Amino acid sequence: IKAQNDLSLSYVEGNPLYDQIKERVAAHLQVEAFRVVQHHGEYYYNWLLVGTNEQPVLQYRSGFEENDDPGVLIDPTDLGDNVSIRHNGDSMSGVAAFSANGDYVLYATVENGGVQKTLRYMTTPQVTEDDKII
């Protein structure tokens, strides 16, 4: 099979249109995988996997009107190297739990290839500076 793949690849890469075909296929792979929306407190939340990104981001929005652009609550790329969101088995939605009033979200991360597991929490956008406990 490897020999067949090598032969096929040498033919395809020799085609003068290879780069154009590759770009066009890549453009079609840039699709969004939008997971189920959940309502917590004042906001709606969903996991979104865009294009060839390896991990989804957790978005939030106050509604679904035209001018209601989503914000990003959790972006795995902001967590550091070798840190990823703990997934729910399908790799397209992370594990997150919200407090009853929607003020806090608890989520799990894995580091170093899954060796170190960490629970993290943060306030949600509905919590103002005056609401935060110090």
Side-chain angles (χ1 to χ4, degrees):
I1 292 176
K2 183 179 178 344
Q4 289 175 337
N5 286 341
D6 291 343
L7 179 62
S8 298
L9 190 57
S10 67
Y11 171 76
V12 171
E13 286 180 335
N15 187 323
L17 298 176
Y18 174 71
D19 288 333
Q20 289 177 306
I21 294 169
K22 187 176 176 182
E23 287 175 20
R24 184 154 168 99
V25 168
H28 287 288
L29 293 176
Q30 298 294 325
V31 296
E32 293 183 350
F34 189 87
R35 301 310 277 178
V36 175
V37 175
Q38 301 176 359
H39 186 244
H40 300 282
E42 300 172 16
Y43 289 90
Y44 296 90
Y45 297 88
N46 70 280
W47 291 99
L48 177 70
L49 184 64
V50 179
T52 57
N53 290 352
E54 293 182 14
Q55 297 189 67
V57 298
L58 182 60
Q59 292 185 321
Y60 67 93
R61 61 178 75 216
S62 59
F64 293 94
E65 303 299 323
E66 264 186 58
N67 59 351
D68 186 32
D69 291 329
V72 174
L73 184 62
I74 301 173
D75 184 347
T77 59
D78 295 338
L79 298 175
D81 295 338
N82 299 319
V83 180
S84 60
I85 297 290
R86 174 85 187 246
H87 294 286
N88 218 8
D90 64 3
S91 78
M92 290 181 37
S93 59
V95 175
F98 290 83
S99 61
N101 62 4
D103 285 352
Y104 298 94
V105 61
L106 178 74
Y107 62 101
T109 61
V110 292
E111 299 177 47
N112 303 321
V115 174
Q116 181 179 348
K117 298 174 179 87
T118 307
L119 287 177
R120 301 173 186 229
Y121 78 94
M122 64 188 310
T123 56
T124 61
Q126 73 186 26
V127 177
T128 65
E129 287 299 317
D130 295 334
D131 295 333
K132 291 185 180 176
I133 300 170
I134 299 178

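Here the structure is a predicted model, which is why all the values come from computation and not from measurement. Residue numbers run from 1 in the order of the sequence given.
- Side chain of T124 to backbone of D103: a donor-acceptor contact under 3.5 angstrom is found.
- The two residues K117 and V110 make their nearest non-hydrogen contact at CG-CG1, 3.8 Å.
- Two different hydrophobic clusters hold Y18 and V25 under the rule that ILVMFWY side chains link at heavy-atom gaps under 4.5 Å.
- Without hydrogens or angle criteria, H39 side chain to G41 main chain gives a donor-acceptor distance under 3.5 Å.
- No chain of hydrophobic side-chain contacts below 4.5 Å, direct or via other Ile, Leu, Val, Met, Phe, Trp or Tyr residues, connects I21 to L9.
- Q38 approaches F98 most closely through the heavy-atom pair OE1-CE1, 4.3 Å.
- To the nearest 0.5 angstrom, L7 atom CG is 12.0 Å from K2 atom NZ.
- A heavy-atom distance below 4.5 Å is found between the side chains of M122 and I74.
- Residues A96 and V105 share a closest heavy-atom pair of CB-CG2, 3.9 Å.
- Atom CD of Q4 is surrounded by 12 or fewer heavy atoms from other residues, nucleotides or ligands within 6.0 Å.
- Hydrophobic cluster membership is shared by Y104 and L119, with clusters built from Ile, Leu, Val, Met, Phe, Trp and Tyr side chains linked at under 4.5 angstrom.
- When all heavy atoms of Y44 and S62 are compared, the pair lying nearest together is CE1-O, 3.6 Å.
- Around the CZ atom of F64, the shell of radius 6.0 Å holds more than 12 heavy atoms that belong to other residues, nucleotides or ligands.
- Atoms CZ and CG, from R120 and L106 in turn, are 11.5 Å apart once rounded to the nearest 0.5 Å.
- Note that the CD atom of E42 and the CG atom of N101 stand 10.0 Å from one another [nearest 0.5 Å].
- Between Y45 and G102, the shortest heavy-atom contact is OH-O, 4.4 Å.
- Shortest non-hydrogen contact noted between L79 and Y107 is CD2-OH, 3.9 Å.
- Rounding to the nearest 0.5 Å gives a distance of 10.0 Å between CG of L48 and CG of L58.
- With values rounded to the nearest 0.5 angstrom, W47 atom CH2 is found 9.0 Å from Q55 atom CD.
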